Each structure stands twice: as C-alpha cells, then as structure tokens.
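Here's the structure, in structure tokens; my notes come after.
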Amino acid sequence: MASYGYTIQIYCDFSAYSDIAIALALLLGYQLPSNFNNPYTAKSITLFWNKWHQSLSRWLKDYVYIPMGGNRNGKIKQFFNLFVTMLIGGLWHGASLKFIFWGGIHGIGLIVDKIYQKWSVDWKFKNYALIKFTSIVLTFHLVSFAWIFFRANSFQDALLLIYQIKNHFIPSTQFLTAFLFNYNWVIFWIITVFIGQFLFDYIHTFSTKILQKSPWWLLTILTSIIIFILFQFSALPNQPFIYFYF
C-alpha cells in the first residue's frame, strides 16, 4: 500500500506542480506544452513515457536517444540506445545506484515492449478488452515496483522493502480490518485518483463546457470559493513539491 500510495502521490504532486507552472507561464503570455496525460492508463511502458513527464521524455529523445542513433542500425543497437538513455534518465535524478536501477528497470521494460510489439503484429486476439486491461495492470505494477527504488532512501533500503513484501507479507483478518479502519481515507483517495485517470477526459470536457456557459456572477462565486480554500491550505505546514528535490 505504501508503494501504491507513493505511485499516486508523486503523480498528483508532480502533475499539479506542472499545471501551476503552465498556468503561471500563461499569465505571463507564454504557452508551455502539457507535461502529463493520464500516465497510469498507459497500455505499455512506451505509452507511459509518452504520457509521463513529457518534457523530460522529449529531452531524452532529442538530445540522448536520437544522437546515439535512435532506432537506426538494427534492433540490437536500438535496444542498447534505449537502455542507456533510461540509465542516463535515472542518473539525471541523482548520482545514486537506486536512480540508475530505476532507469534500468524502465529501460528493460521498453526493450521488452519493443519485442512484444514486433511479435504481436501478426497475432490475433479474440478478447482485445481483456488484453488491454491486462496490459494496463502490468504496466501500472511495473511502474509502481520501480518507484520503490526511486523513493527509498538507499538502494539497500529498496531491496529490504522488497524482501519484506516477498517474505513477511502475511495479512490476517485482524490486520486488514485495522489497516482499512486506520487508513480508510488514504485508500479512498488512492482509488479515486486511479479511477479519475480513466474519467479525466470526460470530466475535463464536461467542466469546460459548463464554465464556458456560466454567467459572470457564478464564475465570481466559484473563484471566491477557490481562493477561500487556498487560504485554508496556506495555514498547513509547508510541504515542498517532491520534484523540488531534483
């Protein structure tokens, strides 16, 4: 649950931070591109990186992957370029083995995905919905697993956590009841955010139409409510954005 929680936390934290930066730039007359696009709905690790931290993905592609040769010169060279690019992407976050390992996991994931795409061209799936659902679940859990190394204080701590999950995770009815009772709101928000990934486009389209048709007085009331809420949050202890550490 801690792994799932951090998976949701870093997305909400970083995506919101990006939205604030985009909005502030827009107020100054600059239009920045989107940085996140519902990444946890991705059906593959390749699509995940097309949806997650798009500015970093574009930078790595334009200044590391393509100059190294990209997908030219055969598949083996392409796989090598992908793996090295993701290692550099991990190293960019910090000179630590845990970040390099995090990048390596994604690099291997990208290579496996490329191989799968090549082999699946001629495959005939009778139940595409099931394949799509399974792909989303597998991709999400690969990303969640990799976040363990990203979040842990050290590489050894990450290995210890994985060891504990593998060998000492024996939930009892009493434990699960206590956990659900004490962390019910945490679990609620994790599930809500994950479901919201799939409904975001509908919510965004609907809310945009409503706001565009709303009279000025209603918009004034909504703006006042938002300002009031922001003031309430300002009284809380300072919590820096996660990505400020990088």
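Since the model is a prediction, treat every value here as computed from it, not as a measurement.
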Review point. Strictly under 6.0 Å, is that where the ring centroids of His53 and Tyr11 end up?
Key: no
Cut-off 3.5 Å, no hydrogens considered: what does the side-chain donor-acceptor table look like for residues 18-26, sequence neighbours left out?
unit_1	atom_1	unit_2	atom_2	d
Ser18	OG	Phe14	O	2.9
Ser18	OG	Asn35	ND2	3.1

Review point. Phe228 versus Ser224: any side-chain heavy-atom pair under 4.5 Å?
Key: no
Practice item. Indicate whether the side chain of Asn50 and that of Gln54 have a donor and an acceptor atom separated by less than 3.5 Å. Key: no
Study note, to complete from the structure: On a heavy-atom basis, the closest approach of Ser3 and Ser144 is OG-O, 3.2 Å
Check your understanding: Would the Phe241 and Phe244 ring centres measure less than 6.0 Å apart?
Key -> yes
Revision key, fill the gap. Distance col, row Leu218:CG vs Thr223:OG1, nearest 0.5 angstrom, shows 9.0 Å
**Study point:** Any donor-acceptor N/O pair, Asp113 side chain to Gly109 backbone, under 3.5 Å
**Key:** no
Review point. Does any non-hydrogen side-chain atom of Thr41 lie less than 4.5 Å from one of Phe140?
Key: no
Review point. Given the side-chain rings of Trp147 and Phe150, with only the six-membered ring counted for Trp, is the space between their centroids under 6.0 Å?
Key: yes
Point to revise | Aromatic centroids of Phe198 and Phe194 separated by under 6.0 Å | key: yes
Check your understanding: Which residue pairs pass the side chain to side chain donor-acceptor pair (under 3.5 Å) test with at least one member in residues 226-235, sequence neighbours excluded?
Key -> none
Check your understanding: Would a 4.5 Å heavy-atom cut-off, applied to side chains only, mark Phe179 and Ile187 as touching?
Key -> yes
**Study point:** Pairs meeting criterion side chain to side chain donor-acceptor pair (under 3.5 Å) with involvement of residues 84-98, two or more places apart
**Key:** His93-Tyr243
Practice item. Start with the C-alpha distance between His106 and Trp52, add both sets of side-chain angles, then the distance that settles side-chain contact (heavy atoms from CB on, under 4.5 Å), and finish with yes or no. Key: CA-CA 12 Å; His106 281 275; Trp52 175 275; over 6 Å; no
Practice item. Side-chain contact test, heavy atoms from C-beta onward, threshold under 4.5 Å: evaluate it for Pro33 versus Arg58 and give yes or no. Key: yes
Point to revise | Path from Met1 to Phe188 over hydrophobic side-chain contacts below 4.5 Å | key: no
